[in-house]
Amino acid sequence: MSTPISRRIFLALGASVVVAACSKSDGGGSGDDGSGDTTPSTTPSTTPTTSTPLAPAPFDVDPFTLGVASGDPSTNSVIIWTRLAPDPLNGGGIAEEEVPVRWEVATDIEFTDIVSSGDVVATARHGHSIHVEVAPPAGAVAYYRFRVGEFTSPVGATRVAPDSSSLDTVRIATASCQNYTAGYYTAYDDMVKQSPDLVVFLGDYIYEGGVGTLGADTVRLHNSEEITDLVAYRNRYALYRSDPLLRNAHAACPWVVTWDDHEVENNYAGLTPQDAVDADGYAARRAAAYQAWWEHMPVRLDPPVDENLSIHRRVTWGGLVNMLVLDGRQYRDDQACGDAVLQVSPACEEASVPERTMLGAQQEAWVAENIESDAVWSVLANQTVMTDIRLGAAVLNYDQWDGYAPARDRLMESVSSADNLVVLTGDIHLAGVGQLTSSIEPTTARGVEFVTTSISSSGNIDSSTEALLVALPNIIDAEVAHRGYTLHTIDATSWTADYRIVDDALVEGSAVTTWKTFAVTAGSPTVTAI
Ligand code: FE
Ligand code: CA
């Protein structure tokens, strides 16, 4: 039994077994239906396949400047990624349409035991990026690398997800918002030292803005004016990946990545730009941004063919985690009430129009169909704050779920029968813990939201307002002054979230400590500090 395989990305060379990275079989963006031991959507390579010599490289400079990455593990396979870019900040620097690349997977870091290998073709059409689905042995860390001519990439570590019989503890790091100009990536250095099994990135991987717009708190500069075309988006991803701490974090373990707004531009909604004056050509800009995102992320997704790219998908981990990775940007209605921020007057009528959507009808239905599982924890990897923090009739930030309250109520009702709901969120550049509710029964706890602070992007709420934030009934706690990430330790009876914060992200190598640790006990929809 097999499902259709897209072979658009990869071309087999000679007798090598090469498989497509992805297909779409579940209505979401992923070929993996996440159901554990069912038939995989593609047939991974399992045997050593290459003995032919490598062709000479068509360049004389190391093309592996952007490092390596892996992601979207299923129980059968994982995607490994690289992009050839001998001149990373200037479009990549490869004139050839096609460059053959060898990939190798081994059980040891010295590659004395190569368990599979193959050749793929990197094409100019996709920025000479490659995404390969590989199937290392289950239950252990595996190592991968790429080779072109005499050049060999750095080594990455990865693994497939355990199957549904496993209740072994998993450690997942959540991260978001890494404005390169606003701070150093010290949080990633600490994250790698903590050796999580999986990193979940919740959006704002790049920022689209110009060279340096943060005044005195600019620690380093962007490489161009505001980015609007494919080459500029590629160059911006390359700049971010020039940071060795970010490259190391990608090489350390598989990632699951979703996007928020800044991968295209601030606070865009669907095909509506932030500013109406930018509407002309916006679909083409978004298409360029989506393609560059796909080219640089280790995702189990087909490349975009038009201005759309379906990325919502399911990732499971053993019998513990059933995670739905959401896209809260591509299908949302425009922000209500002129996208006002920090207004305490009652919301305009538009905000309560029931048809307004954050996820779009198709994704809403997909969540309802896929959130229930046999896993202990039902998880949403989400962009904007879902906890209800409205002040009476006032919405403090129309870009968050508060600005889409009827859609949030629909979502809360559609997931109400799922076990142990945990929502993982980024975007807002503060550390927070929220109690999820529905306005249909506002006093009933539905689950817990863990909002990770930004990796580097500057805080957008003044420290003096922290006490006001914490006083909101659904905010369990918050810390607005520090950058960092959250490390989640998950087993069959508890979910523990360590909030790791960087003392000063404006200083390289600053100390990283735990702000607070929060715990949820399976069976209870509430959270406590421990
Ligand atoms: Fe952000
Ligand atoms: Ca954002």
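Read the numbers this way: they start at 1 and go in the same order the structure lists the ligands and their atoms.
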- [ ] Report, as a single number, the protein N, O or S atoms less than 3.0 Å from the Ca ion (ligand 2).
- [x]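 With waters ignored, the protein N/O/S count below 3.0 Å is 4.
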For the residue pair [Y] / [X], report whether a side-chain donor-acceptor contact shorter than 3.5 Å exists.
X      : Y      : result
Ser456 : Arg483 : no
Arg236 : Tyr205 : no
Glu449 : Thr425 : yes

Open item on the list: Treating His429 as the side-chain partner and Asn460 as the backbone partner, does any N or O pair qualify as donor plus acceptor under 3.5 Å?
Closed with: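 No, because the side chain of His429 does not come within donor-acceptor range (under 3.5 Å) of the backbone of Asn460.
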TODO: Give a yes or no on whether the backbone of Lys516 and the side-chain of Thr514 come within a donor-acceptor separation of less than 3.5 Å.
DONE: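 No, the answer is negative, given that no donor and acceptor are paired below the 3.5 Å cut-off.
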Open item on the list: Asp333 vs Arg356, test: salt bridge (Lys or Arg N to Asp or Glu O under 4.0 Å). Steps then yes/no.
Closed with: CA-CA 6 Å; Asp333 286 309; Arg356 281 172 49 74; 5.1 Å; no
Using a distance threshold of 2.8 Å, state whether an N, O or S atom of [X] lies below it from the Fe ion (ligand 1).
X      : answer
Tyr207 : yes
Asp204 : yes
His262 : no

Open item on the list: Counting neighbours of CG on Asp280 that are heavy atoms of other residues, nucleotides or ligands and sit closer than 6.0 Å, is the number greater than 12?
Closed with: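 Count not over threshold, so no.
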Task: SG (Cys177) - the Fe ion (ligand 1) - NE2 (His429) angle, nearest 10° - done: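 Taking the Fe ion (ligand 1) as the apex, the two atoms subtend 90°.
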Open item on the list: Can you tell me how the ring of Trp377 sits relative to the ring of Trp495, calling it parallel under 30°, perpendicular over 60° and tilted otherwise?
Closed with: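 Plane angle over 60°, so perpendicular.
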